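The structure presented is a predicted model; accordingly, all values stated were derived computationally and were not measured.
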Amino acid sequence: MRVTLIIQARSNSTRLKNKMFLMLGKYKILEWVILRLKKIRFVDNLVVATSNKIADKKIIKIAKKNNLKIFVGDEKNVLERFYLCSKKFPADLIVRVCADNPFIDNKEIEKLILYFKRNYKKNDYLQNFLVSKNSLYASGFGAEIFKIECLKKVYLSAKLSNDKEHVTRYIRNNPFKFKSSYYVGNKNLHFPYLNFDVDTRKDLKKLNKILTQLNIKLSTKGEIIIRRYLNKSINEDLINLFPINRSLTGLGNLKTLRYIKKKIPIKILNIKSGKDVYDWKVPDEWIAKKAYIKDSEGNLIVDYKKNNLSLVNYSASFKGFLTAKQLSKKIYTKKNMTNVIPYKTSYYKKDWGFCVDQKNFHKIMNSKKKLYVHIDTKFKKSKMIFGEILIKGKSKKEVLISTYICHPSMANDNLSGIILTTYLAQFIKSLKNRYWSYRIIFIPETIGAIAYCNLNEKKIKNVLFALMVNNVGGPGKISFKESFNNNHFINSLIKQVLNENRIKAKKYKFDIHGSDERQFSSQFFNINSASIHKDKYFEYKQYHTSADNLEFVKSKNLFKMLKLYQSLIIKIENQIIFKTVKTKCEPMLSKYSLYPTLGGENVPGKKMNFIDTILWLIFLSNGNRTIEQIAKRLKISKYKLMEFYKILQDKKIIKRI
């Protein structure tokens with residue numbers, strides 16, 4: 001099969017005129033596209049198709065300089081330009097690439113061509129430049145491929161000016177006339193919220209910055225560009241957010257949520273101090289002004305300003321001279337780690353204390369003279385704040401994604417969860433035609449989850465299941481914690497994602513310890529909550545210490561975990577779940593013409609018949625089982641089951657949730 005690749009180029013862009021000739025590093029934007037595609041295989045004709053306007057002569061000049069074939073046609077009727085170009089350079093398949101995608105990857109285009117050839121009979125048109133559940137490429141790396149017969153049909157059929165200005169618009173708007181599909185392609189490019197094409201001056205400025213900072217060359221692969229870009233972005237987030245002093249309440253949490261709001265449109269909400277939430281009470285705001293220990297000569301031994309883990313979180317004020325023996329009950333250290341400060345809290349008991357490394361611990365304990373202790377803190381009636389975003393889908397049923405924001409200066413527990421959840425929300429928001437709705441929350445651990453449940457009892461009843469995102473940035477092994485019902489499909493989906501990525505993960509069963517799954521899985525809410533970790537809480541020696549820092553957590557680990565969670569979301573999106581409408585005993589099937597009018601003939605046998613299948617579907621479709629689970633149980637393909645479900649849906653016996 002002959003292949004013609006057409007680079008669609010014009011200078012008269014409405015948003016950024018003459019962008020083809022603007023400099024991106026050492027080359028013009030058009031030159032980037034041409035030079036990155038020149039080495040492409042499986043292409044018989046590499047053509048630049050431009051308009052007959054005088055301004056586009058510069059495009060022709062660049063194409064000639066690089067020994068490319070050229071076609072000149074009508075500026076506005078791009079469809080005609082493409083069709084006539086295909087006549088001049090005959091081919092069986094046409095590949096369309098935009099000239100404002102400077103980082104277009106020749107290897108990815110080759111994969112697209114080979115895939116189309118292998119599936120030639122199944123497709124008239126294939127693309128990976130528009131986002132869908134199956135095509136998730138970052139903007140700037142996608143292309144389209146279609147048969148010449150398909151292009152001819154469009155050329156003869158399209159009448160609207162919009163269909164003539166945009167070559168393949170008619171195909172996408174008339175899905176029943178063409179066998180059109182999406183190309184899944186390289187999952188390492190599945191970041192649809194990222195944009196690498198050039199439409200504005202701002203885009204060009206960003207790409208020039210990327211070019212310099214990330215050492216991008218003409219030969220750099222698309223997936224490497226994305227990996228470097230996101231690693232840099234995540235690293236900046238780690239550096240910016242790590243020093244912020246977070247707790248159950250306070251300014252640190254607000255600063256964190258405001259930072260997140262610049263990336264995703266969360267609502268910053270609050271609940272008043274002192275409010276009763278079930279068996280708990282929302283705490284007052286804790287403000288730590290200063291805290292230190294000085295020796296008898298006035299030298300600082302411990303200073304809260306140097307490390308905010310030094311003071312036990314929620315410590316009360318204290319001022320006075322104490323002996324080492326008196327102070328020993330208020331000093332906490334990590335015995336088996338020398339230069340490490342532990343993290344301790346006293347949220348629900350008015351007390352105070354200091355956390356120190358081994359060196360300062362011995363200095364305090366060996367002091368023969370009294371030490372001066374000064375803690376200046378206060379508690380005030382205020383508000384506990386949290387962040388929330390509801391990303392709506394076709395279904396009202398929701399997936400809850402929760403991360404906690406209350407830990408100061410600890411990178412894995414849980415700054416890593418905050419950052420990953422932010423990027424995951426960007427990913428979900430960028431998905432077109434989402435089926436499920438996603439409720440994503442940033443809350444203080446335990447009391448935040450309890451308060452959130454108290455405020456949102458009715459809303460939470462809409463939640464199908466939950467993901468707890470925490471401890472996802474360490475250097476150790478990946479693990480996952482099951483939900484309380486180990487047969488729930490979320491556990492199966494996580495296993496599938498791990499297997500597909502060839503990851504041997506340690507599995508933890510649900511237990512009563514851990515994070516906020518304890519609250520969401522409690523008897524009233526009964527939400528199956530699972531999580532994937534990279535260095536799970538309790539399981540690494542740096543846990544709840546100053547060693548859980550930016551040396552321990554790296555952006556590359558967060559990036560790896562982000563890809564896993566994104567893959568899991570796609571699995572979730574593809575789940576089909578039905579619920580029986582008539583739940584009080586079985587429906588009278590004969591009333592719906594689904595049962596023989598003469599009784600006594602339907603004798604159960606070894607082989608499933610029509611009535612057996614109908615009855616099993618009504619029985620098993622409880623709104624919690626996926627079609628895959630039911631198909632596996634009944635040993636019937638899910639595609640065959642869908643035929644039965646269609647019948648039951650039409651009869652309004654079963655509905656899709």
Check your understanding: Centroid-to-centroid, His166 to Tyr170, below 6.0 Å?
Key -> no
Point to revise | Neighbour count >12 (heavy atoms, 6.0 Å) for atom NZ, Lys495 | key: yes
Check your understanding: Looking at Phe520 and Ser402, what are the two nearest heavy atoms and their distance?
Key -> CE1-OG, 3.9 Å
Practice item. Report yes or no: does Asn574 contribute a side-chain atom to a donor-acceptor pair with the main-chain N or O of Ile570 at less than 3.5 Å? Key: yes
Check your understanding: For Ser483 and Asn491, does a side-chain donor sit closer than 3.5 Å to a side-chain acceptor?
Key -> yes
Check your understanding: Between Phe489 and Phe465, what is the ring plane arrangement, given parallel below 30°, perpendicular above 60°, and tilted in between?
Key -> perpendicular
Point to revise | Met642 side, atom CE; Lys646 side, atom NZ - distance, nearest 0.5 Å | key: 9.5 Å
Practice item. Please state whether the rings of Tyr193 and Phe427 are parallel, tilted or perpendicular, taking 30° and 60° as the class boundaries. Key: perpendicular
Check your understanding: Heavy-atom distance under 4.5 Å between the side chains of Asn414 and Thr403, does that happen here?
Key -> yes
Review point. How about Tyr278: does its OH atom have over 12 heavy atoms from other parts shown lying under 6.0 Å from it?
Key: yes
Point to revise | CA sep, side-chain torsions, deciding dist, call: His488, Asn624, side-chain hydrogen bond (donor to acceptor under 3.5 Å, both in side chains) | key: CA-CA 8 Å; His488 192 276; Asn624 291 315; 5.2 Å; no
Exercise for review: Determine the minimum heavy-atom distance between Ile577 and Arg625, stating which atoms define it.
Suggested key: CG2-O, 3.4 Å
Practice item. State, without any angle test, whether Ser135 and Asn128 hold a side-chain donor-acceptor pair at a distance under 3.5 Å. Key: no
Review point. Does a sphere of radius 6.0 Å around CD1 in Ile512 hold more than 12 heavy atoms from other residues, nucleotides or ligands, not counting ones at 6.0 Å or beyond?
Key: no
Point to revise | From Lys571 atom NZ to Leu493 atom CG, the distance as rounded to the nearest 0.5 Å | key: 7.5 Å
**Study point:** Over 12 foreign heavy atoms within 6.0 Å of NZ, Lys117
**Key:** yes
Point to revise | Pairwise side-chain contact, Leu634 with Leu617, heavy-atom cut-off 4.5 Å (strictly under) | key: yes
Practice item. In sequence, state the C-alpha distance, the side-chain angles, and the governing distance for Lys111 and Asn186, and then conclude on side-chain contact (heavy atoms from CB on, under 4.5 Å). Key: CA-CA 9 Å; Lys111 291 175 188 175; Asn186 185 352; 4.0 Å; yes
Check your understanding: Is a side-chain N or O of Thr580 found less than 3.5 angstrom from the main chain of Lys582, in a donor-acceptor match?
Key -> no
Check your understanding: Less than 6.0 Å separating the ring centroids of Phe386 and Phe442?
Key -> no
Review point. Side chains of Tyr452 and Gln519: do they bring a donor and an acceptor to under 3.5 Å?
Key: no
Exercise for review: Go through the steps for Arg172 and Glu144 under the test salt bridge (charged side-chain N to carboxylate O under 4.0 Å, His left out), then give the verdict.
Suggested key: CA-CA 12 Å; Arg172 294 192 298 276; Glu144 301 172 284; 3.2 Å; yes
Point to revise | Near-ring test Phe578/Tyr645, centroid separation under 6.0 angstrom | key: yes
**Study point:** Lys76, NZ atom: more than 12 neighbouring heavy atoms under 6.0 Å
**Key:** no
Point to revise | Ser515-Glu445 side chain donor-acceptor pair, cut-off 3.5 Å | key: yes
Revision key, fill the gap. Residues Lys638 and Ile627: closest non-hydrogen pair is O-CD1, 3.7 Å
**Study point:** Sidechain-backbone polar pair: Ser590 side chain, Ser593 backbone, donor-acceptor under 3.5 Å
**Key:** no
Review point. Does atom NZ of Lys477 have more than 12 heavy-atom neighbours, drawn from other residues, nucleotides or ligands, at distances under 6.0 Å?
Key: no
Review point. Checking Arg41 side chain against Glu110 main chain: does a donor-acceptor pair fall under 3.5 Å?
Key: no
Review point. Does Glu80 come within less than 4.0 Å of Lys164, counting only side-chain N to carboxylate O?
Key: no
Practice item. Could you tell me whether the side chain of Asp124 and the main chain of Phe178 form a donor-acceptor pair under 3.5 Å? Key: no
Practice item. Kindly indicate whether a cation-pi arrangement holds for Lys147 with Tyr120, taking the cut-offs as under 6.0 Å to the six-membered ring centre and within 45° of the axis. Key: yes
Check your understanding: Stepwise, does the salt bridge (charged side-chain N to carboxylate O under 4.0 Å, His left out) test hold for Asp163 with Arg169?
Key -> CA-CA 6 Å; Asp163 291 335; Arg169 184 177 181 271; 2.7 Å; yes
Check your understanding: Got more than 12 heavy atoms from elsewhere within 6.0 Å of NZ, Lys187?
Key -> no
Review point. Under 3.5 Å, side chain of Arg518 to main-chain N/O of His513, donor-acceptor pair present?
Key: no
Point to revise | Asp650 CG to Lys652 NZ distance, which is reported to the nearest 0.5 Å | key: 10.0 Å
**Study point:** Donor-acceptor pair, side chain of Asn101 and main chain of Phe141, under 3.5 angstrom
**Key:** no
Practice item. Assign the ring pair Phe610 / Phe644 to parallel, tilted or perpendicular, where the plane angle (0 to 90°) is split at 30° and 60°. Key: tilted
Review point. Any donor and acceptor pair, going by atom type alone, linking the side chain of Asn609 with main-chain N or O of Asp612 inside 3.5 Å?
Key: yes
Check your understanding: Are Phe129 and Tyr137 close enough that their ring centers fall under 6.0 Å?
Key -> no
Exercise for review: Would you please say whether a donor-acceptor pair under 3.5 Å links the side chains of Asn501 and Lys563?
Suggested key: no
Check your understanding: Distance-only, no hydrogens or angles: does the Glu500 side chain make a donor-acceptor pair with backbone N or O of Val497 under 3.5 Å?
Key -> no
Point to revise | Pair Gln649-Arg656, side-chain hydrogen bond (donor to acceptor under 3.5 Å, both in side chains): steps then yes or no | key: CA-CA 8 Å; Gln649 266 188 302; Arg656 186 176 177 185; over 6 Å; no
Exercise for review: Compute whether any side-chain donor of one residue and acceptor of the other, for Asn528 and Ser521, lie under 3.5 angstrom apart.
Suggested key: no
Check your understanding: Pick from Leu420, Asn471, Ile478, Leu564: which one makes a side-chain contact (heavy atoms from CB on, under 4.5 Å) with Lys534?
Key -> Ile478
Review point. Any chance CZ of Phe524 has more than 12 other-residue heavy atoms, nucleotides or ligands included, within less than 6.0 Å?
Key: yes
Exercise for review: Identify the residue among Tyr423, Phe191, Tyr229 that makes a ring-ring contact (aromatic ring centres under 6.0 Å, His included) with Phe559.
Suggested key: Phe191
Check your understanding: Counting N and O atoms only, with roles assigned by atom type, does the side chain of Ser479 sit under 3.5 Å from a partner on the main chain of Lys507, one being a donor and the other an acceptor?
Key -> no
Review point. Checking salt bridge (Lys or Arg N to Asp or Glu O under 4.0 Å) against Glu388, which of Arg439, Lys267, Lys459 comes through?
Key: Arg439
Review point. Is Lys152 close enough and on-axis enough to Tyr83, meaning under 6.0 Å and within 45°, for cation-pi?
Key: no
